[in-house]
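The chains referred to below are lettered A, B, ... by the order of the sequence lines, with proteins before strands, and numbering in each begins at 1.
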Protein chains: 2
Amino acid sequence: MDGIRRYLVSEGINPSYQRLKIFEYLLQHKVHPTVDTIYNDLYKQIPTLSKTTIYNTLNLFEQKEIIKSLSIEKNELRYESDTEPHAHFKCNECGDVYDLSKEFPLIIGKTIEGHRVTDQQLYLQGVCKNCS
Amino acid sequence: MDGIRRYLVSEGINPSYQRLKIFEYLLQHKVHPTVDTIYNDLYKQIPTLSKTTIYNTLNLFEQKEIIKSLSIEKNELRYESDTEPHAHFKCNECGDVYDLSKEFPLIIGKTIEGHRVTDQQLYLQGVCKNCS
DNA sequence: GTATCTGCAAAACATTTGCAATTCT
DNA sequence: AGAATTGCAAATGTTTTGCAGATAC
């Protein structure tokens with residue numbers, strides 16, 4: 001927890017209790033949780049927690065570029081603490097989202113058809129190994 | 001317009017006036033419009049048009065697999081009539097979304113890390129050639 | 001003590017649903 | 001007439017905003 005505190009401070013973020021807990025949660029739950037999932041889980045430890053604080057905190061983290069948001073599915077934002085580019089796979093059966101370790105071509109930094117690329121996201125969908 | 005009518009019929013879709021106009025709009029506006037954009041444009045020609053009809057129609061088209069929806073950005077669904085897999089580039093300056101003709105590896109049909117892939121989306125972001 | 005952070009309640013959006021009126025054949 | 005379609009109004013779900021109270025330095 002002290003490591004997390006130091007990390008947040010080093011990124012210019014005031015390490016409040018809620019912020020520490022939310023960032024710790026993202027580090028420990030690498031399944032790209034939604035705000036609702038984060039709230040329902042952390043609520044057990046922090047009964048006074050509100051969703052507003054989770055929204056505020058995630059928006060702050062994203063602005064400071066220590067997390068990323070994924071809009072894989074309509075009407076559902078998901079969050080992850082891994083900011084390195086990597087592909088995502090969403091299972092249409094169980095709904096789980098997996099990180100893929102397989103390397104795909106890195107396009108960031110290149111110029112394609114005249115457009116300068118600064119960010120890339122590869123989303124795959126299908127049926128995961130558990131649901132096959 | 002008669003070609004569009006025949007196409008809708010061939011896909012099992014009753015070609016009402018609104019459906020014809022909405023599909024024609026998507027064919028003519030390949031900038032991945034939102035429901036709001038479609039509504040604001042078509043409203044001028046069809047003053048009685050409602051957003052509900054646009055939602056109904058787009059959902060029907062998507063279900064019949066003659067269009068695709070893109071959730072590139074949070075809280076904003078975009079639609080396109082091109083159902084072939086291709087990459088998208090979104091300009092963070094002007095907000096426009098471009099189709100890229102450059103070929104990227106086709107992953108659909110493959111199995112990656114045990115997951116069977118049936119759909120793929122590559123989203124790039126950055127600064128487009130007009131905004132550079 | 002002053003600035004920041006939290007969290008309630010309300011607002012703002014996009015999308016869906018229920019249903020009555022309209023249209024088409 | 002009968003079935004499908006349209007579109008209004010209300011409901012739903014997610015995210016944002018306003019603001020008063022709590023917390024931290």
K.L.:
Are A/His29 and A/Glu24 close enough that a side-chain donor and a side-chain acceptor fall under 3.5 Å?
P.N.:
no
K.L.:
Can you pull out the residues from residues 41-59 of chain A that lie within a 4.0 Å heavy-atom distance of DNA chain C?
P.N.:
A/Thr48, A/Leu49, A/Ser50, A/Thr52, A/Thr53
K.L.:
Nearest whole angstrom, please: distance from the P of C/dT15 to the CG of B/Leu77.
P.N.:
5 Å
K.L.:
Which of these, B/Tyr7, B/Tyr25, B/Phe23, sits in a ring pair (Phe, Tyr, Trp, His ring centres under 6.0 Å) with B/Phe61?
P.N.:
B/Phe23
K.L.:
Taking atom SG of B/Cys94 and atom CG of B/Asn130, what is their separation to the nearest 0.5 Å?
P.N.:
7.0 Å
K.L.:
Between CZ of A/Arg116 and OG1 of A/Thr111, what distance do you get to the nearest 0.5 Å?
P.N.:
7.0 Å
K.L.:
What are the 5'-most and 3'-most nucleotides of DNA chain D lying under 4.0 Å from any heavy atom of chain A?
P.N.:
D/dT14 to D/dT17
K.L.:
Do the ring centers of A/Tyr98 and A/His88 come within less than 6.0 Å of each other?
P.N.:
no
K.L.:
Counting only heavy atoms and a strict 4.0 angstrom limit, can you tell me which residues of residues 10-40 of chain A come near DNA chain C?
P.N.:
A/Asn14, A/Ser16, A/Gln18, A/Arg19
K.L.:
Without swapping roles, check the side chain of B/Arg5 against the backbone of B/Leu20 for a donor-acceptor pair under 3.5 Å.
P.N.:
no
K.L.:
If you take the centroid of each ring, where Trp contributes its six-membered ring, are B/Tyr123 and B/Phe89 closer together than 6.0 Å?
P.N.:
no
K.L.:
For the residue pair A/Ser69 and A/Glu62, confirm or rule out a side-chain donor-acceptor distance under 3.5 Å.
P.N.:
yes
K.L.:
So, B/His32 and B/Asp99: side-chain donor and acceptor under 3.5 Å apart, yes or no?
P.N.:
yes
K.L.:
Rounded at 0.5 Å granularity, tell me how far CD1 in B/Ile22 sits from CD1 in B/Ile4.
P.N.:
12.0 Å
